[in-house]
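Each chain gets a letter, A, B and so on, in the order the sequences are listed, and its residues count up from 1.
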Protein chains: 2
Amino acid sequence: MTSSLPPLELESFLPYRLNVLAETVSQSLAGVYRRRYGITVPEWRLIATLGQFGTVTAKGIGHHSRMHKTKVSRAAATLEARALIRREPNSQDMRESFLALTEDGRAIYETLAPQARDFAQALVAGFSSSERAALDGLLERLMLRAQELTNEMAE
Amino acid sequence: MTSSLPPLELESFLPYRLNVLAETVSQSLAGVYRRRYGITVPEWRLIATLGQFGTVTAKGIGHHSRMHKTKVSRAAATLEARALIRREPNSQDMRESFLALTEDGRAIYETLAPQARDFAQALVAGFSSSERAALDGLLERLMLRAQELTNEMAE
DNA sequence: GCAAACTGGTTACAATTGCAAGGATACCCG
DNA sequence: CGGGTATCCTTGCAATTGTAACCAGTTTGC
């Protein structure tokens with residue numbers, strides 16, 4: 001009876017597969033931002049969020065794009081130094097400020113966003129529309145479940 | 001025509017979703033290893049690979065679990081210091097050595113592997129078996145496609 | 001009205017990671 | 001053989017990241 005092997009196969013282990021897939025995709029896509037504009041992934045997320053919503057506080061960006069606040073803070077500092085975003089004080093609450101893309105920042109966004117979309121498109125190029133819908137739904141449910149499990153474990 | 005907004009919605013952008021999902025799952029699962037045994041994710045991957053295959057070189061582990069060789073090297077050093085793995089020289093090639101779990105290491109593996117499997121199981125608990133099969137296939141194809149795209153971009 | 005608690009954001013510090021170089025060994029080919 | 005090159009692994013260093021402490025400003029509750 002002993003012998004045991006193998007209680008777990010890494011290649012088919014979902015958490016492992018998700019990690020490898022996400023990293024592969026992320027690395028591949030990051031090359032696009034980096035090569036053309038020297039923009040890192042956190043910076044790109046900031047630009048993408050601002051491009052989508054226009055004006056958001058650092059807190060809002062962190063919440064929406066799920067980045068740690070120090071990551072947001074540092075990415076924002078870099079982007080501001082490169083004049084791709086600008087800050088405007090919130091007269092209602094002087095602790096925070098609103099971030100928004102500058103002209104230059106928006107120009108980069110307008111260039112990169114379609115490329116990012118094309119990339120995502122290329123990923124599912126071989127999928128039928130029902131397969132895409134299935135993928136969508138499955139990822140959605142996995143995400144919900146993962147959050148439930150995280151909460152359960154925290155208790 | 002101008003106006004533009006929003007060329008890209010982050011919430012439905014596949015690379016982004018994959019990253020968030022993978023990280024959520026990974027963090028949640030990492031808590032299990034860490035709380036009980038103070039084992040990090042790279043260390044866990046090493047243990048899991050050795051648990052599955054018995055005896056592997058550092059190179060083999062890196063290749064199989066897709067970890068950078070320095071990550072493997074350092075995880076191995078830590079695990080060896082904790083006497084969870086042991087090295088045996090390869091008399092055929094003195095540059096490398098074979099790694100294997102010690103008794104203690106295997107004991108941890110035997111405890112953690114079922115928990116990891118349960119966790120993965122819990123993630124897809126609400127899925128029918130055909131949904132699981134669909135997820136499997138979709139992830140597989142995404143992975144292949146992602147690698148193709150990575151190669152194309154490298155050219 | 002004001003001290004205590006809280007919040008948004010930044011920064012110092014420590015841990016983690018990747019890259020590049022190096023050390024030892026193995027292979028290749030004239 | 002033996003010098004050049006490639007491979008396995010480790011290590012020094014620099015970049016990235018997270019944790020915790022902190023500052024400035026806001027809210028709460030007496």
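- For A/E23 and A/S97, each mapped to the nucleotide of DNA chain C holding its nearest heavy atom, the one lying further toward the 5' end belongs to A/S97.
- For the pair A/R95 and D/dC22, the criterion of a side-chain N or O lying under 4.0 Å from OP1 or OP2 is not met.
- What separates CZ of B/R45 from C1' of C/dT16 is a distance of 14 Å, to the nearest Å.
- No salt bridge links B/E80 with B/R86; every basic N to acidic carboxylate O contact stays at or beyond 4.0 Å.
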* To do: For B/L79 and B/L99, run side-chain contact (heavy atoms from CB on, under 4.5 Å): C-alpha distance rounded to whole Å, both residues' side-chain angles, the deciding distance at 0.1 Å, then the answer.
  => CA-CA 10 Å; B/L79 291 174; B/L99 305 181; over 6 Å; no
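- Within the 4.0 Å cut-off from OP1 or OP2 of C/dT10, at least one side-chain nitrogen or oxygen of A/S73 is found.
- Rounded to whole angstrom, the span from the CG atom of A/D93 across to the P atom of D/dT28 amounts to 12 Å.
- When rounded to the nearest whole Å, the span between NE2 of A/H63 and P of C/dT7 equals 15 Å.
- Nucleic acid contact for A/T57: sugar-phosphate only, since backbone atoms but no base atoms lie under 4.0 Å from a heavy atom of the residue.
- Rounded to whole angstrom, the span from the CZ atom of B/R34 across to the C1' atom of C/dT16 amounts to 14 Å.
- At whole-Å resolution of the value, CG in A/L46 and C1' in C/dG9 are 13 Å apart.
- Counting to the nearest Å, the P atom of D/dA21 and the NZ atom of A/K69 are 12 Å from each other.
- Here the C1' atom of nucleotide C/dG8 and the CE atom of A/M94 are 12 Å apart, to the nearest Å.
- In this structure, B/R141 satisfies the cation-pi test against A/F127, with its NZ or CZ atom closer than 6.0 Å to the six-membered ring centre and inside 45 degrees of the ring normal.
- Phosphate proximity of D/dT17 to A/H68: absent, as no side-chain N or O sits under 4.0 Å from OP1 or OP2.
- Taking 3.5 Å as the limit, the base of C/dG8 and the side chain of A/K59 contain no donor-acceptor pair of atoms between them.
- Of the two residues contacting DNA chain C, namely B/N90 and A/G60, the nearest-nucleotide position lying further toward the 5' end is that of A/G60.
- Distances shown here put every side-chain N or O of B/T70 at or beyond 4.0 Å from the OP1 or OP2 atom of C/dT17.
- Within 4.0 Å (heavy atoms only), A/K71 reaches sugar-phosphate atoms of the nucleic acid but no base atom.
- Under the 30°/60° scheme for interplanar angles, the aromatic rings of A/F53 and A/H64 are found to stand perpendicular.
- If you take CG of A/L79 and P of C/dT10, they are 12 Å apart, rounded to a whole angstrom.
- Taking for each of A/P42 and B/E96 the nucleotide of DNA chain D with the nearest heavy atom, the 5'-most of the two is the partner of B/E96.
- Scanning atom types as modelled, one donor and one acceptor separated by under 3.5 angstrom connect the side chain of A/R74 and the base of D/dG18.
- Under the 4.5 Å side-chain heavy-atom criterion for Ile, Leu, Val, Met, Phe, Trp and Tyr, B/Y109 and B/F98 are members of distinct hydrophobic clusters.
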